[in-house]
Amino acid sequence: MVTAIVLLSVFFVSGALAFCRHIPSLFITAPKQMEALSGSCLQIPCNFSAEVSQEFDGARTTFGVWIKSDSKFGTSPNNVIFNSSRMNNIYPMSLTGDLSQNNCTTLFSSLITSYTDWYYFRIENGPFGSTASCDPLQITVKDSPPRPRIEISGDLKEKQSVTITCSAFTPCPHSPPELTWTLQQDPHNKIEENTDRTFTTKIQTTFTLSDEHDGFNITCSARYPVNEGKDIKTAEERTTLSVSYAPKDTSVSISPSGLVPAGSLVNLTCSSRANPPVIRFTWIKTSKDRPVGVFEGKFHSFKVTSVADREDYYCLATNDLGSQTSSGMNNADNPEFGAVVYVTLKILGIVALYSTIIIFEGWFRSRCCNKPVKDAVEADYVNRVIEIQAS
């Protein structure tokens, strides 16, 4: 196993440094690999240093040279694609760094996919001239832009504050991408310099999570201007929030509903939404505000036995983050039982019978008892009329 690792290490090192056959007199500090978008530009951050024994003098006129494919300079002049001492160069490059200050930062413009290759930097400084043959830069030019990244910092739980960031690699800070997302209409784009002196464009927002954010889809789009702003290339990234929250909207349904006759089977069902899902449903039966029974399960069934039955039930839904009663009160307010949703069951047949008897009795009395009184009044009235006429 050790031998295999050593052989692989030698293989990759020798592949990346195929032209590093001797200890060079020049070294550069730059990214080892960079990606660029066709039609756009690439800023190459670069600094160089010479061997102490070499006589590099920043006060002298200094030229920077970029060589493609290999580090050969004198024997392969066609590999020299840029020389700052020339007015016309094969590739559209320009040195933006100050060579006298050992800064070799270069802007590579109007990139096309055929520019994908290895690149080597060289310094010409009077009698001193050297190529950083052991520090090649691999540039890859693609037609499609890289997708932006969505990052979330913080615990995805209700009532927790989180920061959501969408970032896009910015190979050309002179023409950065424009970021937009579904979290807000006009996000503020900010360009930041990375530790390796490359750049990233970001948008960011911070807010407090609630259960309503669970399942919310976030889409971030990066629009890259290319061909000097004449065209746009777009990349997109999506993610879905999974927010953990305690049970919500806990409720009880009854079947059959309303008043039920004695001997009927009543089915109760408890429902609640939660993330993670509810792991336990608890039914509590009360009588005169005191618990008289506890049952487990999403469903509970029982039979009504007498007219005196008044059975009050409520359901408690619980997951890893908390619990809630079917009244909507969190058990933190009343940790023992919470509030109650009453399921009052009465006996339809007996109640209806008593009601009918009472109504019928009242009607019968009004018909049978009031009639004699009326006849007596009428007779008295007739006798008085006769007496008046006789007199």
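If you're wondering where the values come from, they're calculated on a predicted model, not measured in any experiment.
- A distance-only check finds no donor-acceptor pair linking the side chain of Thr318 to the backbone of Ser323 [under 3.5 Å].
- Put simply, CG on Leu37 and CG on Asp143 are 8.0 Å apart, with the number rounded to the nearest 0.5 Å.
- Nearest approach of Pro176 to Pro225, heavy atoms of both residues: O-CD, 3.5 Å.
- With hydrogens and angles left out, the side-chain atoms of Thr250 and Ser326 include no donor and acceptor closer than 3.5 Å.
- Residues Ile90 and Met93 share a hydrophobic cluster, clusters being chains of Ile/Leu/Val/Met/Phe/Trp/Tyr side chains in contact below 4.5 Å.
- In this structure the side chain of Leu99 reaches within 4.5 angstrom of the side chain of Cys104, judged on heavy atoms.
- At distances below 3.5 Å, at least one donor-acceptor pair connects side-chain atoms of Asn125 with backbone N or O atoms of Asp57.
- With contacts defined as side-chain heavy-atom distances shorter than 4.5 Å, the pair Asp320/Ile279 qualifies.
- Here Glu236 pairs with Arg238 under the salt bridge (Lys or Arg N to Asp or Glu O under 4.0 Å) rule; sequence neighbours left out.
- Between atom NE2 of residue His174 and atom SG of residue Cys41 there is a gap of 6.0 Å, rounded to the nearest 0.5 Å.
- Aromatic rings of Trp66 and Phe121 (six-membered ring for Trp) have centroids within the 6.0 Å cut-off, being under it.
- Leu179 and Ile191 are members of different hydrophobic clusters when ILVMFWY side chains are connected at heavy-atom separations under 4.5 Å.
- For Asn189 and Thr201, the side-chain atoms include no donor-acceptor pair closer than 3.5 Å.
- Heavy atoms only, all atoms of each residue included: Val243 and Lys157 are closest at CG1-C, 3.9 Å.
- By the criterion of side-chain heavy atoms lying less than 4.5 angstrom apart, applied directly or through intervening Ile, Leu, Val, Met, Phe, Trp or Tyr residues, Phe295 is grouped together with Val252 in one hydrophobic cluster.
- Pro45 and Thr105 get closest at one heavy-atom pair: CA-OG1, 3.9 Å.
- Rounding to the nearest 0.5 Å gives a distance of 10.0 Å between CG of Leu209 and CG of Asp214.
- Aromatic ring orientation, Tyr119 versus Phe108: perpendicular (interplanar angle above 60°, classes split at 30° and 60°).
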Please lay out, stage by stage, how Ile139 and Ile44 fare under the test side-chain contact (heavy atoms from CB on, under 4.5 Å).
CA-CA 10 Å; Ile139 297 176; Ile44 306 170; 3.9 Å; yes
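- Taking the side chain as every heavy atom from C-beta outward, Leu241 and Ile152 approach each other to under 4.5 Å.
- For the residue pair Ser255 and Asn267, no side-chain donor N or O sits within less than 3.5 Å of a side-chain acceptor on the partner.
- Here the NZ-CG distance, from Lys285 to Asp312, works out to 10.0 Å after rounding to the nearest 0.5 Å.
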Decide side-chain contact (heavy atoms from CB on, under 4.5 Å) for Phe207 and Ile164; before the verdict, give the C-alpha distance in whole Å, the side-chain angles of both, and the deciding distance to 0.1 Å.
CA-CA 9 Å; Phe207 59 92; Ile164 301 181; 3.6 Å; yes
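- Cluster annotation: Trp181 is connected to Phe216 through the hydrophobic network of ILVMFWY side chains, with a link wherever side-chain heavy atoms come within less than 4.5 Å.
- For the pair Gln324 (side chain) and Asp249 (backbone), a donor-acceptor distance under 3.5 Å is present.
- Formation of a donor-acceptor pair under 3.5 Å by the Thr96 side chain with backbone atoms of Ser94 is not found in this model.
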Show me the donor-acceptor pairs within less than 3.5 Å that the side chains of residues 29-36 make with the rest of the protein, sequence neighbours left out.
{"residue": "Gln33", "atom": "NE2", "partner": "Gln138", "partner atom": "OE1", "Å": "2.9"}
{"residue": "Glu35", "atom": "OE2", "partner": "Lys142", "partner atom": "NZ", "Å": "3.3"}

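- Contact check for Cys220 versus Ile203: side-chain heavy atoms found under the 4.5 Å cut-off.
- A pairwise comparison of heavy atoms in Pro148 and Glu237 identifies O-CB, 3.2 Å as the closest pair.
- Using a distance-only test at 3.5 Å, with no hydrogens or angles considered, a donor-acceptor pair links the side chain of Ser210 to the main chain of Glu212.
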Stepwise side-chain contact (heavy atoms from CB on, under 4.5 Å) check, Asp211 with Arg273
CA-CA 10 Å; Asp211 60 288; Arg273 60 181 181 86; 2.7 Å; yes
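- Interatomic distance, CD of Gln43 versus CZ of Arg197, reported as 8.0 Å (0.5 Å rounding).
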Decide yes or no on side-chain contact (heavy atoms from CB on, under 4.5 Å) for Val162 and His213, but give the supporting numbers first.
CA-CA 12 Å; Val162 296; His213 292 113; over 6 Å; no
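- Of the possible polar contacts, one joining the Asn319 side chain to the Tyr245 backbone as a donor-acceptor pair under 3.5 Å is found.
- Using modelled atom types, no side-chain atom of Asn194 and backbone atom of Asp196 make a donor-acceptor pair closer than 3.5 Å.
- Judged by distance alone, with hydrogens and angles left aside, the side-chain atoms of Thr200 form no donor-acceptor pair with the main-chain N or O of Thr198 at under 3.5 Å.
- Sparse packing is recorded around CZ of Arg223, with 12 or fewer heavy atoms of other residues, nucleotides or ligands lying under 6.0 Å away.
- Annotation: salt bridge (Lys or Arg N to Asp or Glu O under 4.0 Å) contacts of Lys298 (sequence neighbours excluded): none.
- Summarising the geometry of Tyr224 relative to Ala168, their closest heavy-atom pair is OH-CB, 3.7 Å, with the distance given to 0.1 Å.
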Would Thr116 and Thr140 satisfy side chain to side chain donor-acceptor pair (under 3.5 Å), going step by step from the backbone distance to the final call?
CA-CA 5 Å; Thr116 297; Thr140 304; 5.3 Å; no
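- Linking ILVMFWY side-chain heavy atoms closer than 4.5 Å, directly or via other members, places Leu95 and Leu42 in a single hydrophobic cluster.
- Asn89 places a side-chain N or O within donor-acceptor distance of the main-chain N or O of Asn83, the cut-off being under 3.5 Å.
- Here Thr205 contributes atom OG1 and His188 contributes atom NE2; the two are 13.0 Å apart, rounded to the nearest 0.5 Å.
- Between Phe56 and Phe48, the ring-plane angle classifies as perpendicular under the 30° and 60° cut-offs.
- Closest approach of Phe199 and Pro173 over heavy atoms only: CD1-CG, 3.8 Å.
- Judged purely by atom type and a 3.5 angstrom limit, Thr62 uses its side chain to pair as donor or acceptor with the backbone of Arg60.
- Counting heavy atoms from C-beta on, the side chains of Leu268 and Phe302 come closer than 4.5 Å.
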